[in-house]
> 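Mind looking over this structure? Questions follow.
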Amino acid sequence: MDQIIVHGNGPLKGEIPIAGAKNACLTLMPATLLTDQPLTLTNAPRLSDIRTMTELLQSLGAEATSLQDGQVLAMSSHDLTSQRADYDIVRKMRASILVLGPLLARHGQAEVSLPGGCAIGARPVDLHLKALEAMGAELDLRDGYVHARAPLGGLTGAVVEFPIVSVGATENALMAATLARGTTVLKNAAREPEIVDLAQCLRRMGARIEGEGTGTITIEGVDALHGATHPVVTDRIELGTYMLAPAMCGGEVECLGGRIDLLAAFCDKLDQAGLSVEETPRGLKVARSNGRVRAVDVTTEPYPGFPTDLQAQFMALMCMAEGTSVLEETIFENRFMHAPELARMGAQIEVHGGHATVTGVQQLRGAPVMATDLRASVSLILAGMAAEGQTTVSRVYHLDRGYEHVVRKLRGVGAHIERVREE
Ligand code: UD1
């Protein structure tokens, strides 16, 4: 297995291109199941999660080909041969559940393995199932699978009010509703940019959708969708992660393709911490000129709040801030696994339930550390870049799920980082 070796760094300088969003791409890809015509995605990220979704679509009989070095995904679901998403693929990636709504809507049935728990919490799929049930689906949970069937005339439009905001459940329900008979209203829907991107793509495919980006999305079902070409929205989490690199090490980095509107709450926190964030014609430029950043409290929330997927990386920054900050995690119940790893590097962190209290130190020290999940792994790299000495991050396969060419991108702005095979 590979390891990433990072050496403490001076100020960074240069630019980092930001890829298309993993989480948007993972919901846009299953949208191909809604039509028998080709769907092409441009600006796709090159990630192992995207390869897993490709494998899943292919296992259903869809064609999914990656072109132009992986940046274009050409898909077609003309002749599906299966409606079963197997445990072997679903266990690798929870987002596999996103084939359920489209399969049910266009093919009337689906069997999808239940994803099970994951490192950051129990993460059930009950809200996905309730939304589809409200549209008339009959569901049966047995042998670790959801066996779903649409009524004879297909799914029907319904009013679905989500008790809590769920990105995945909103996406599954939105996709299913495009082909349901009549009107569906999704209340307390997720407002994430990835949902807006999905709605825009579905609209290009002929769907009738209004209200995406607000808490209420209205979908007027149509008989069939057609093919389209759609560019994947910028990855706001990759963007936020790389914006933290100059915040940690000093210097100035321009993130190409970055937009403040994707990350307004996060940019506010960077501002409060004393960093400068500037919009440029090509993206966002972040600079830290001198001195330590200030401690800032953060609470993770659904969009437009501070994203849970940037909590680990922001904690790395707070480990070096002047003062004490409290980071509150409200989305997932077990999302501080990076804290003990950061503590191995000299960070002072106390975790009590959903709160982590971080007291900044003058200097982190390099150490061997272990990546526990996708975002945790990149927080350890950021910490390593600001630490004295060498940090070795193992289990980097987590990183490959969500960050393309991380070593190349960080080396491009002057980071001392390399990937090696573990001996
Ligand atoms: C998506 C993102 C993930 C991000 C998360 C929150 C993808 C592929 N992943 O995950 O990176 O961290 O949004 O922004 O887009 N819940 C239930 N029942 C359900 C569904 C969710 O209780 O049926 C709970 C979850 O356990 C969690 C909360 O709702 O506590 C929010 O989860 P959700 O928004 O659904 O996250 P995902 O779509 O899985």
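Bear in mind the structure is a predicted one, so any value in this text is a computation, not a measurement.
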> Taking T52 for its side chain and S48 for its backbone only, find out whether a donor-acceptor pair lies under 3.5 Å.
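Yes, the answer is positive, given that a donor and an acceptor are paired below the 3.5 Å cut-off.
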> Any side-chain donor-acceptor pair under 3.5 Å between H338 and D373?
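No - no donor-acceptor pair under 3.5 Å links their side chains.
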> Pair E254, T280 - check side-chain hydrogen bond (donor to acceptor under 3.5 Å, both in side chains), show working.
CA-CA 8 Å; E254 188 173 10; T280 68; 2.6 Å; yes
> Look at atom CZ of R419 and say whether more than 12 heavy atoms of other residues, nucleotides or ligands are closer to it than 6.0 Å.
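More than 12 within 6.0 Å, yes.
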> Can you see whether T42 engages Q71 through a side-chain donor-acceptor pair at a distance of less than 3.5 angstrom?
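No, because no side-chain N or O of T42 sits under 3.5 Å from a partner of the opposite role on Q71.
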> Under 3.5 Å, is there a donor-acceptor pair linking the side chains of Q313 and T241?
yes
> Listed by chain and number, what are the side chain to side chain donor-acceptor pair (under 3.5 Å) partners of D261, not counting sequence neighbours?
R259
> Quick one: CD on E238 to CG on N23, what's the gap to the nearest 0.5 Å?
12.0 Å
> Check E212 with R203, please: is the shortest side-chain N to carboxylate O separation under 4.0 Å?
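Yes, R203 and E212 are salt-bridged.
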> I'd like to know if R365 pairs up with E388 as an ion pair, taking the criterion as any Lys NZ or Arg NE/NH1/NH2 lying under 4.0 Å from an Asp or Glu carboxylate oxygen.
no
> Answer yes or no: are there more than 12 heavy-atom neighbours, outside Y87 itself, under 6.0 Å from its atom OH?
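Atom OH in Y87 is not packed in, count stays at 12 or less.
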> Does anything in residues 42-55 form a salt bridge (charged side-chain N to carboxylate O under 4.0 Å, His left out)? List the pairs, not counting sequence neighbours.
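Found K22-D49, R46-D69, R46-E404, D49-R401, E55-K92.
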> Would a distance-only check, ignoring hydrogens and angles, find a side-chain to backbone donor-acceptor pair under 3.5 Å from R106 to L33?
yes
> Determine, step by step, whether L127 and S166 satisfy the side-chain contact (heavy atoms from CB on, under 4.5 Å) criterion, reporting the C-alpha distance in whole Å, the side-chain angles of both residues, the deciding distance to 0.1 Å, and the verdict.
CA-CA 8 Å; L127 302 176; S166 162; 3.9 Å; yes
> Do R91 and S113 get their side chains close enough for a donor-acceptor pair, meaning under 3.5 Å?
no
> Counting only N and O atoms by type, is there a donor-acceptor contact under 3.5 Å from the side chain of S77 to the main-chain atoms of A62?
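Not a single qualifying donor-acceptor pair exists.
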> Between Q37 and G227 (side chain of the first, backbone of the second, donor and acceptor by atom type, cut-off under 3.5 Å), is there such a pair?
yes
> Do Q390 and H7 get their side chains close enough for a donor-acceptor pair, meaning under 3.5 Å?
yes
> Might you work through the side-chain contact (heavy atoms from CB on, under 4.5 Å) test for L34 and T178, ending with a clear yes or no?
CA-CA 9 Å; L34 290 165; T178 57; 3.9 Å; yes
> With side-chain contact (heavy atoms from CB on, under 4.5 Å) as the test, would you mind laying out the steps for V298 and E328 before giving the verdict?
CA-CA 6 Å; V298 157; E328 186 185 1; over 6 Å; no
> Please answer whether the main-chain N or O of L380 pairs with a side-chain N or O of E341 as donor and acceptor at a distance below 3.5 Å.
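Side chain of E341 to backbone of L380: no pair is present.
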> Could you tell me whether R208 and E220 make a salt bridge, using a distance below 4.0 angstrom between a side-chain N and a carboxylate O?
no
> Between F306 and F314, does the ring centre distance come in under 6.0 Å?
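Between F306 and F314, the centre distance is under 6.0 Å.
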> If you measure from CE on M318 to OG1 on T359, what distance do you get to the nearest 0.5 Å?
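Atom-to-atom, M318:CE and T359:OG1 are 12.0 Å apart.
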> Working to the nearest 0.5 Å, report the span between CG of L399 and CD1 of I381.
4.5 Å
> Under a 3.5 Å cutoff, is there a donor and acceptor pairing between the side chains of R236 and Y303?
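The answer is no; no qualifying pair exists.
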> Let me confirm one number: the CE-CG distance from M53 to L28, rounded to the nearest 0.5 Å.
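M53 atom CE to L28 atom CG measures 10.0 Å (nearest 0.5 Å).
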> Checking R294 side chain against Q272 main chain: does a donor-acceptor pair fall under 3.5 Å?
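Looks like yes, one N/O pair under 3.5 Å.
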> Kindly write out the residues that satisfy salt bridge (charged side-chain N to carboxylate O under 4.0 Å, His left out) with R292, not counting sequence neighbours, or none if the list is empty.
E322
> So does I237 get a backbone contact from the side chain of D309, meaning a donor-acceptor N/O pair under 3.5 Å?
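The answer is no, because no donor-acceptor pair under 3.5 Å joins these two groups.
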> Going by atom types alone, do E329 and T300 pair a side-chain donor with an acceptor below 3.5 Å?
yes
> Would the number of heavy atoms belonging to other residues, nucleotides or ligands and lying under 6.0 Å from CD of E210 be above 12?
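12 or below, so no.
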> Does the pair E15/K285 count as a salt bridge with the N-to-O cut at 4.0 Å?
no
> Given 3.5 Å as the limit, does a donor-acceptor pair link the side chain of Q363 with the main chain of A386, or not?
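Indeed, once roles are kept as given, a pair shorter than 3.5 Å links the two residues.
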> Could you please spell out the steps behind the side-chain contact (heavy atoms from CB on, under 4.5 Å) verdict for L382 and L244?
CA-CA 8 Å; L382 288 173; L244 285 170; 4.0 Å; yes
> For R191 and G213, indicate whether the former's side chain and the latter's backbone hold a donor-acceptor pair under 3.5 Å.
no
> Under 3.5 Å, is there a donor-acceptor pair between the side chain of D235 and the main chain of A19?
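No, because the side chain of D235 does not come within donor-acceptor range (under 3.5 Å) of the backbone of A19.
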